[in-house]
Amino acid sequence: MGTDTTALEHFDALIDADERIEPSDWMPDRYRETLVRQIAQHAHSEIIGMQPEGNWLTRAPSLRRKAILTAKVQDEAGHGLYLYGAAETLGTPREELLDRLHTGRQKYSSIFNYATLTWADVGAIGWLVDGAAIMNQVPLCRCSYGPYARAMVRICKEESFHQRQGFQIMLELSKGTDAQRAMAQDALDRWWWPSIMMFGPPDAESVHGDQNMRWGIKRFGNDELRQKFIDATVPQADLLGLTIPDPDLHLDEKTGHYVHGPIDWDHFWDVIKGNGPASRERMATRVGAHEGGAWVREAATAYAAKRAAAAGQDGAAA
Amino acid sequence: MGTDTTALEHFDALIDADERIEPSDWMPDRYRETLVRQIAQHAHSEIIGMQPEGNWLTRAPSLRRKAILTAKVQDEAGHGLYLYGAAETLGTPREELLDRLHTGRQKYSSIFNYATLTWADVGAIGWLVDGAAIMNQVPLCRCSYGPYARAMVRICKEESFHQRQGFQIMLELSKGTDAQRAMAQDALDRWWWPSIMMFGPPDAESVHGDQNMRWGIKRFGNDELRQKFIDATVPQADLLGLTIPDPDLHLDEKTGHYVHGPIDWDHFWDVIKGNGPASRERMATRVGAHEGGAWVREAATAYAAKRAAAAGQDGAAA
Amino acid sequence: MAPLVTYTLRQGDRALVLAQRLLEVVTHAPEIEEDMALSNLALDLIGQARALYTYAGEVEGPTADGSVRDEDHYAYWRDQHEFVNPLLVELPNGDFAQVIGRQFLHDAYALPYWQAMTSSTDATLSAVAGKAVKETAYHLRHSHSWVVRLGDGTEESHTRMQDAIDELWRYTGELFESDEIEHELIAAGVAADPAGVREQWHSTVEATLAEATLDLPDDGPMQSGGRAGRHGESFSYLLGEMQVVARAHPGATW
Amino acid sequence: MAPLVTYTLRQGDRALVLAQRLLEVVTHAPEIEEDMALSNLALDLIGQARALYTYAGEVEGPTADGSVRDEDHYAYWRDQHEFVNPLLVELPNGDFAQVIGRQFLHDAYALPYWQAMTSSTDATLSAVAGKAVKETAYHLRHSHSWVVRLGDGTEESHTRMQDAIDELWRYTGELFESDEIEHELIAAGVAADPAGVREQWHSTVEATLAEATLDLPDDGPMQSGGRAGRHGESFSYLLGEMQVVARAHPGATW
């Protein structure tokens, strides 16, 4: 490869041909930085996302649900690891990325700053939050950056299973006792608006949209994905016999799309800024686990060093 | 006061006249050491004794019972403080006594090394353990050492109230649902033998008995107190409709006393040695609270010193 | 539910939930005197809760079967969303500075609150207030003293105390919220006006923090929701523990 | 209750209670790989418990109303004294060394146990054993590795790991107890002989501790009672938490 211009032309050509950029390819600094941030924040979201559902592992009301939820939380840890791995191919080690999370320089999806108050919240998260995440993530399976796209393919497969399980929980509750139905409705009441906010603010207000679109990091606008999600989800709520907590929600016969009421974007930005109901708790748990576990990681490092030294000596002696 | 011999004669005269020895009186070293140990271990028992019942404060099944139990645990803390105060009059500060507890050099009543597994255990402890403690303690209200005797008078008053409350719990349970009756019987099954062991091994095997009797520290033998307790308690169990877990227990028509089956003294010594079901937990909680609270006590000391220094300066300036 | 019932339950739940947190500390306090003090606090708060729950039952009136809900109904048989305490009192226990910080910020509210309530046009609430004022004065003296000792003690205690106040601050706003439920009660002289209570609270807190050489936090966004039955994640654990024995034996008496 | 039922429940409870303690650690582990490993452990143990509980229900046979007790009956509707797990697995979580220590001492028992049970004359238990052996081999590899890393890591990790093993030791004896309930089952080839299992357990433990530069504790008095339904004080809290949602909705399906 000759000059930077040639490298950029080559890069642009790959992008234009909808081909994958791999770790060994040249890439603009901004592309690399944007991806590191996006992939890392996605990874952080998986890790932090273990907490609201992890909150119900010990209390799951049947052994089958306990097993399914445990498998889900385990998957989320795995997703986090894949994604940190993908981010590491761009040159930043996991430890540095975690440090950015712990010090607030990188964020995670704000949806996880809400509290899971009942067992039905576990169902609502699977149904709505994973549902919204899938909407956001399926397009990323065709993201220009290879390692990220491949991680997303693996993740999307598992996440659609999780979403079905969440919906199953809601279905059982809505067919169940009065108390179960009330629990399901209450969870929907609390998770609906935060879930549709997961797609981010209206495109008109979005900052990085265009460049990310051009680079194949983002494929669809926020509003388009949000609409897609709502159109898919309203019939599911009808099937459950539950009421979406939006009095303005109605079907526009002409367009065939559901029109929703005004979203409280002030609340959205407030939660982004760290004032969500469980924001402090999420970080305290994450940082607490990391700092509390430092002696364990140090021990593992020390042990590995001892083994390496012994192997070195064995090699020398041999 | 002239020579030691005169002091000893004076001391013996007080003892023989059943009068009180006060802190300012001369007393033999062995008398002082024995009392420090006995009073301190009594204090330790009150403090450690807060734990088995404290274990049910958050789960008491009615607000009235919650309040009564809270008051009881608070009283026990108070008893501990009175007793440390009494021991301190003999020259050993509380901090030193607590240190002896925390390092195992001084003990506490072994009865508190058993676990409270259900709400009924709270009733059983009040009924049986406080009942046995009262048997042991009422004679101490006439102990030769003044501060100890006076502390015991205050304590006995409150403890008989506690015992009645414990019996009330058992009464409600035994008149209640099948599950409540079963809970009460199960608690009696687990607390009976440990309670009658509270009086200590048979007099024939007791080490310090005679000297302590002569000094008015101990008034009655272990067997006598144990008999008294059993004679009082069996009719109470009958009233509750509960069965004492001793198949050999029967009334000796001739003597009018209840004869009990063999006591497992091996188990008693095993628990004394630290192998009770909750022995480790009791010490871990106590030592944990003490060590965990060191920074708090240091702060209080530092603050007091600052205030004293400021007052000194004010005094100098005035 | 009638506004007076919700209002009364808010105070009762505030007392009971705080008592429950304090009971968790007993046998774990830094010194025996504090095991005593905290259990004494809890005992007073349980007493307040019992009086308020009993009153709520009377105001709600007989149920379908003719019985009146008693204090234990409200404590053991309501679910999470029916508890309407402010979030401050349900926060999990942290270190002793956090326990004292929560207590102090609460007591500095509760004293002027109960003082104002001695003038309530509701005779029962006014009577509860008469007793609670005396108790709360002692509580505040105790928590104030500890804030000062810890704030002006050692470097470690100062840091812990400041951290505690900083973390707790976002839960203080909710103490002074009022909503439609309370507006008519305030107008009727039944409920204390939160604005007046807040003034005294702030004055007490400002003075105590200054004496303790601690910084007064700036007001930032406030957490809220408890008074509307929306709690934090730790609350369902608290409730589960508190209610487990009672609920295992429906209809039983103790 | 038939000896086979009690015996089966002992194994099922051992698995479920241990899984429950592991689930408490998830999101609090020292690294993400451990959150994964511990949840994977828990998942396997839950699976073993489900199979064993289902079998216990079949062996117990239909109840008065003709229904057979299912896995959820045993998990959610039995009381404390009916759970017959050994005390080791119900111990509250301490630091990571304690969690690993408990796991290792357990896995070193469970592997030879399940290996022996593959030869059980009871076809169901033998089938459960076939699956459990594979899972437990992985579990033991994981816990063994951590014992070695922590024992031969830093001074701090060594101390913590030694302390954990020393504290846990008094709970190991119960794993190898047998009573009248088990004697006939052992004689019939249904149940593994604890003596044989103990030999392999001891051999594994001795080798691992040596590799980890840890001291093998002396056998002292052993704690006991779990297998007879007499638990420690922390167990009622574990059970209360595990069962709270299910018991709040009797008859509901999930």
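As the structure is a prediction and not an experimental result, all values here were calculated from the model. Within every chain, numbering begins at 1; the chains are lettered A, B, ... in the order of the sequence lines, protein sequences first and strands thereafter. Keep in mind that the numbers below use all heavy atoms, side chains included, and drop hydrogens, waters and symmetry copies.
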For the interface with chain A, which of D:T27, D:V26, D:D95 has the highest count of heavy-atom pairs at distances below 4.5 Å?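 Looking at each of D:T27, D:V26, D:D95 in turn, D:T27 comes out on top.
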Checking A:W191 now: which residues fulfil side-chain hydrogen bond (donor to acceptor under 3.5 Å, both in side chains) with it, not counting sequence neighbours?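 With neighbours one apart ignored, the set is A:D121.
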Residue set satisfying side-chain hydrogen bond (donor to acceptor under 3.5 Å, both in side chains) with D:D215, at least two apart, ordered chain then number -> none
Heavy atoms, side chains only, cut-off 4.5 Å: are A:R94 and D:I32 in contact?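 They are in side-chain contact.
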Are side-chain N/O atoms of D:H139 and D:Q103 paired as donor and acceptor at under 3.5 Å? no
For A:R105 and A:T103, test the side chains for any donor-to-acceptor distance below 3.5 angstrom and give the result as yes or no. yes
Within residues 282-302 of chain A, residues adjacent to chain D where the heavy-atom gap is under 4.5 Å: A:T285, A:A289, A:G293, A:W295, A:V296, A:R297, A:E298, A:A299, A:A300, A:A302
Positions in residues 44-51 of chain D that reach chain A, provided some heavy atom is under 4.5 Å away: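 When heavy atoms of chain A are the reference, residues 44-51 of chain D contributes D:I46, D:R50 within the under-4.5 Å range.
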Please confirm whether A:R164 makes a cation-pi placement over A:F167, using NZ or CZ under 6.0 Å from the six-membered ring centre and within 45° of the ring normal.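 Cation-pi check for A:R164 and A:F167: fails.
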Stacked cation flag A:R154 on A:Y82, 6.0 angstrom / 45 deg: yes
Please work out whether the ring planes of D:F104 and D:H144 are parallel, tilted or perpendicular, with thresholds of 30° and 60°.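 Tilted.
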How are the rings of A:H42 and A:Y148 set relative to one another: parallel (under 30°), tilted (30 to 60°) or perpendicular (over 60°)? perpendicular
Heavy-atom proximity to chain D below 4.5 Å, by part of A:I47: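 Side chain of A:I47 only, per the 4.5 Å heavy-atom cut-off to chain D.
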Would you mind checking which part of A:R307 comes under 4.5 Å of any heavy atom in chain D, side chain (CB onward), backbone (N, CA, C, O), both or neither?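 The side chain, not the backbone.
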